[in-house]
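See below for the structure under consideration.
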Amino acid sequence: GCDASLNLTTQKATDAVDGIFRSLRDIARARMHMKQFNSIHNPGSNTHQASASKQPYSQCVVLFVQASYKPLLKQVVEEICNPDHPDPVDIEHVSSGLTDLLKTGFSMFMKVNRPHPGDHPLLIIFMVGGVTVSEVKMVKDLVATRKPGTQ
């Protein structure tokens with residue numbers, strides 16, 4: 001809370017940075033229980049491949065895969081649009097009608113698959129805090145390529 005740079009003190013700057021990191025730790029703690037969507041960071045890897053030749057000047061190849069960022073929204077939409085994963089791990093189905101309630105009740109006695117979110121022609125994704133224009137475009141492009149006909 002500073003209205004001008006002249007009023008900025010070391011204590012105010014420290015408090016602001018501490019607040020940011022406290023928020024980031026809270027976000028990380030909220031996602032710790034998730035099995036699939038617990039990270040937006042892919043650390044990458046490096047692979048060292050030695051040449052099979054015994055020559056003194058043989059080539060050695062080192063491959064580096066850069067660390068990358070994969071937004072949570074992109075992970076969720078890819079999971080929803082992936083037909084190979086019939087039962088999303090971190091996405092919970094909420095029963096919406098009598099048929100769904102009966103299926104849920106009978107699932108205790110027999111094997112009943114829950115509906116997959118990608119099976120519906122209309123998906124509504126609600127993001128707390130809103131989305132940016134680039135995120136909307138990303139979702140639109142993902143759905144268009146992976147699940148045509150879905151709004």
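What you are looking at is a predicted structure, and each value in this text was computed from that prediction instead of being measured.
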**Report entry** In one Ile/Leu/Val/Met/Phe/Trp/Tyr side-chain cluster, 4.5 Å: V133, M138
**Finding:** no
Query raised in the report: If you group Ile, Leu, Val, Met, Phe, Trp and Tyr by side-chain heavy-atom gaps below 4.5 Å, do L72 and Y69 land in one group?
Result: yes
**Report entry** Sole residue of V76, V77, V131 in side chain to side chain contact (heavy atoms under 4.5 Å, CB included) with V139
**Finding:** V77
Requested in this report: Measure from the side-chain N and O atoms of E135 to the backbone N and O of T132, and report whether any donor-acceptor pair falls under 3.5 Å.
Outcome: yes
Query raised in the report: Roughly how far, to the nearest 0.5 Å, is CD of Q151 from CG of L123?
Result: 9.5 Å
Report task. Kindly compute the distance separating NZ (K147) from CD1 (I80), expressed to the nearest 0.5 Å. Result -> 10.5 Å
So that I can tick it off, tell me whether [Y] and [X] are bridged by a salt bridge, with the cut-off set at under 4.0 angstrom between side-chain N and carboxylate O.
| X | Y | value |
| --- | --- | --- |
| D141 | K137 | yes |
| K70 | E78 | yes |
| D15 | K12 | no |

Report task. Could you pull out the closest heavy-atom pair between C81 and V143, with the gap in Å? Result -> SG-CG2, 4.1 Å
Query raised in the report: Under 6.0 Å from the CD1 atom of I124, do we count more than 12 heavy atoms belonging to anything else shown?
Result: no
Requested in this report: For side chain to side chain contact (heavy atoms under 4.5 Å, CB included), just list the numbers for M127 and I125, CA-CA rounded to whole Å, side-chain angles, deciding distance to a tenth of an Å, and then say yes or no.
Outcome: CA-CA 6 Å; M127 293 293 294; I125 300 173; 4.3 Å; yes
